[in-house]
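Letters A, B, ... mirror the listed sequences (proteins, then strands); counts begin at 1. In this text the structure is predicted, and so the values were computed from the model without any measurement.
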Amino acid sequence: MTDKTDFLNGNVACAEGALAAGCRFFAGYPITPSTEVAERMALRLPKVGGVFIQMEDELASAAAIIGGSWAGARTMTATSGPGFSLMMENIGYATFTETPIVIVNVQRGGPSTGQPTMAAQGDMLQCRYGSHGDYSVIALSPSSVQEMYDLTVKAFNLADRFRTPVFLMTDETIGHMREKITLHSNVEIIPRRELKEGELPCAPDENGVPGFGTFGMGHNVHITGLTHNEKGYPATDSAEIHEKLVRRQVRKIEDFRNEIADVDIVNPDAELVFISYGAPTRTVRQLLNDNPDTYGHLNLRIVWPFPDESLLAFKNAKAFIIPEMNLGQIAKEVRQHTNIPIVVVPKLGGALHTPAELLKAVEVAKTVKKPVTEVRL
Amino acid sequence: MVDRSIENFECGHRACGGCGASSAVRMILKGYGENTIVVNSTGCLEVFSTPYPETAWKTPWIHSLFENSSAVASGIEASLKKQGRLDTEKILVFGGDGATVDIGTLCISGAFERGHDFTYICYDNEAYMNTGIQRSGATPYDADTTTSPAGVCSTGNNLPKKDYPQILVAHGSPYVATASMAYPADLMKKVEKARNTKGPCYIQVHTPCCTGWGFDGAKTMEIGRMAVECGLWVNYEVIDGELATVKKVKRVPVDDYLKAQKRFRHLFKPVRNDAEIAKIQAIADKNAKKYGIDIE
């Protein structure tokens, strides 16, 4: 087998990436602009011996991939904002039960039903904080069709390595555009670590991650969304157990920020530095291409946990310019990690930023003094 | 009798030419009469009938979300009732088959259990058409959709159409009916009956979809009639739990109905799949026996 070149849209590339990563279980529900992921899986999974189930709603979709995961499969669902909102309860359950699942959110304009056919990045904070309680997640953000494929593969490996829900936070633009793509004959697969005999099902290893007691493999595991001890049994009235569990689950991700980080650092000596992820990265790259060696660029392929140390690479930075297709969600996070002035460039409605709009932000950034300045396009 | 000259659903909206749902909704609003408040789930109807300046509705109208129209209607009803306005205002819910038999079931069950006074219309075009023809729990056996693709691994949707009206009969609804947009007089009569019945009423209306089913939009009425004439769709009324009326037909085999639609063409090409067609005929035969639709 050799690599294969194809010309696909991002949603189809995502489905192909999932199949390459060994995903053999997809449960989903139709929603624009993500439906092509489900449609491709409906077509392809039966041919490779996998399971496609169309569920009755997104609550059920998220729940079914949790069940499928405990039965030993690599599982995925795909949705957009309204469906993502419905999944929040199950997402919290998956984080607390440390269930590896992959959830694709092809973002559209919100809130509510919003703009079903238009691109947005408005769910970035929802994906980090949307379910109740304290927890951490991993979220990836592709900016090309090739990255839809590659980062979907990566999402499965991260989900299994860290035993956590992993989000592919893409958007309508990347999901629906077509580009040349290389489908790999072999991709790296990092399997989840099976629970060893004698090991407690919720006792962490040196990385803070317990072994996975796949159902039907003789483990007699007990899975619950209640606060549980290392045996997996409810221990809801122990303050000590609760705090230890929540902190351990947060640390197993946050302590590995640098291992998880996946960024591009361009022109680290520049004074004006763009920070972007997803579709806006394409506009930033165009601007850098038109003005070589002028601006710095930090592109985030992984947004959560936020790779804060990568900000330090830009030693001469006088301003960070952050174009987002929301009102500045990740800019808020950047603000928490730096005192360098931030220029927020929000754009709503579905259209990408233009290079001219980014230049307008550059003019603001040249003289910026305030900690946070918003550019009105 | 309500004044059927009223037009609460204007022309000029964005539905496909030959859309069964749009004709049905126009007739339903005629049947439901004045002072109607509409709650509309996400779906084709919501999308094609509302964008400015082609907005079709001349009633108070609220788009709930996808799953919650009967809960929103419950709130409207309870509030009107407390204000003593329920005698004049009448609540009508529209949901597609996906919004009804799949995602909306939780809220529908709650509303019918509590017994709110409203009418729920499921316009049944037998798949998620708004998002591009994915199967729903109301998709008939063997229909080809984008999430039940017919091909080497499958003959299309391999699950039976959910018998949703019976679920609401089991809730104790005073009036449950099925109708077809191809029988407008019958449809309007049933809608009016629902308006005049206290409590939660349910009507499931067969609305052929030329785009999703694959037929010429000029033939929507014809396709609707063929479904009834072959027994794959049965028009009936259940009043207080008892089967009250049934549309009787001189039944014909299912073949012509299936052949007329691209969603079933894999049953005839490249070769006729007798085994699968026989299964669909058996569904029609079972319907005929269950409801006694055959004219002797």
> Can A:Asp57 and B:Glu67 be said to form a side chain to side chain contact (heavy atoms under 4.5 Å, CB included), step by step?
Replying inline: CA-CA 8 Å; A:Asp57 60 23; B:Glu67 73 283 8; 6.0 Å; no
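- Other residues, nucleotides and ligands contribute more than 12 heavy atoms inside 6.0 Å of the CZ atom of B:Arg114.
- Distance CG/B:Asn157 to CD/A:Gln54: 8.5 Å, rounded to 0.5 Å.
- Shown here is A:Glu89, whose CD atom has no more than 12 heavy atoms of other residues, nucleotides or ligands within 6.0 Å.
- The aromatic rings of A:Tyr29 and B:Tyr128 lie perpendicular to each other, with more than 60° between the two planes, well past the 30° mark.
- Between B:His63 and A:Thr113, some side-chain heavy-atom pair lies under the 4.5 Å cut-off.
- Atom CZ of A:Arg128 has more than 12 heavy atoms from other residues, nucleotides or ligands within 6.0 Å.
- The choice from B:Thr146, B:Asn130, B:Val101 that makes the most heavy-atom pairs within less than 4.5 Å of chain A is B:Thr146.
- Taking CE from A:Met41 and OG1 from B:Thr147, the interatomic distance works out to 13.5 Å, rounded to the nearest 0.5 Å.
- Residues A:Glu39 and B:Gly132 share a closest heavy-atom pair of OE2-O, 3.7 Å.
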>> Working note: B:Ile103 + A:Glu58, criterion side chain to side chain contact (heavy atoms under 4.5 Å, CB included); need CA distance, chi angles, decisive distance, verdict.
In response: CA-CA 8 Å; B:Ile103 195 169; A:Glu58 288 90 348; 3.7 Å; yes
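- With a 4.5 Å cut-off on non-hydrogen atoms, B:Val47 does not touch chain A at all.
- With a threshold of 4.5 angstrom between heavy atoms, A:Thr35 approaches chain B through side-chain atoms but not through N, CA, C or O.
- Within a 6.0 Å sphere centred on CD of B:Glu54, heavy atoms belonging to other residues, nucleotides or ligands number more than 12.
- For A:Leu86, the part lying near chain B is the side chain, with the backbone staying farther off; criterion is any non-hydrogen pair under 4.5 Å.
- Between B:Thr131 and A:Ile31 the shortest heavy-atom distance is CG2-CA, 4.1 Å.
- Heavy-atom neighbours of B:Ile283 CD1 from other residues, nucleotides or ligands within 6.0 Å: above the threshold of 12.
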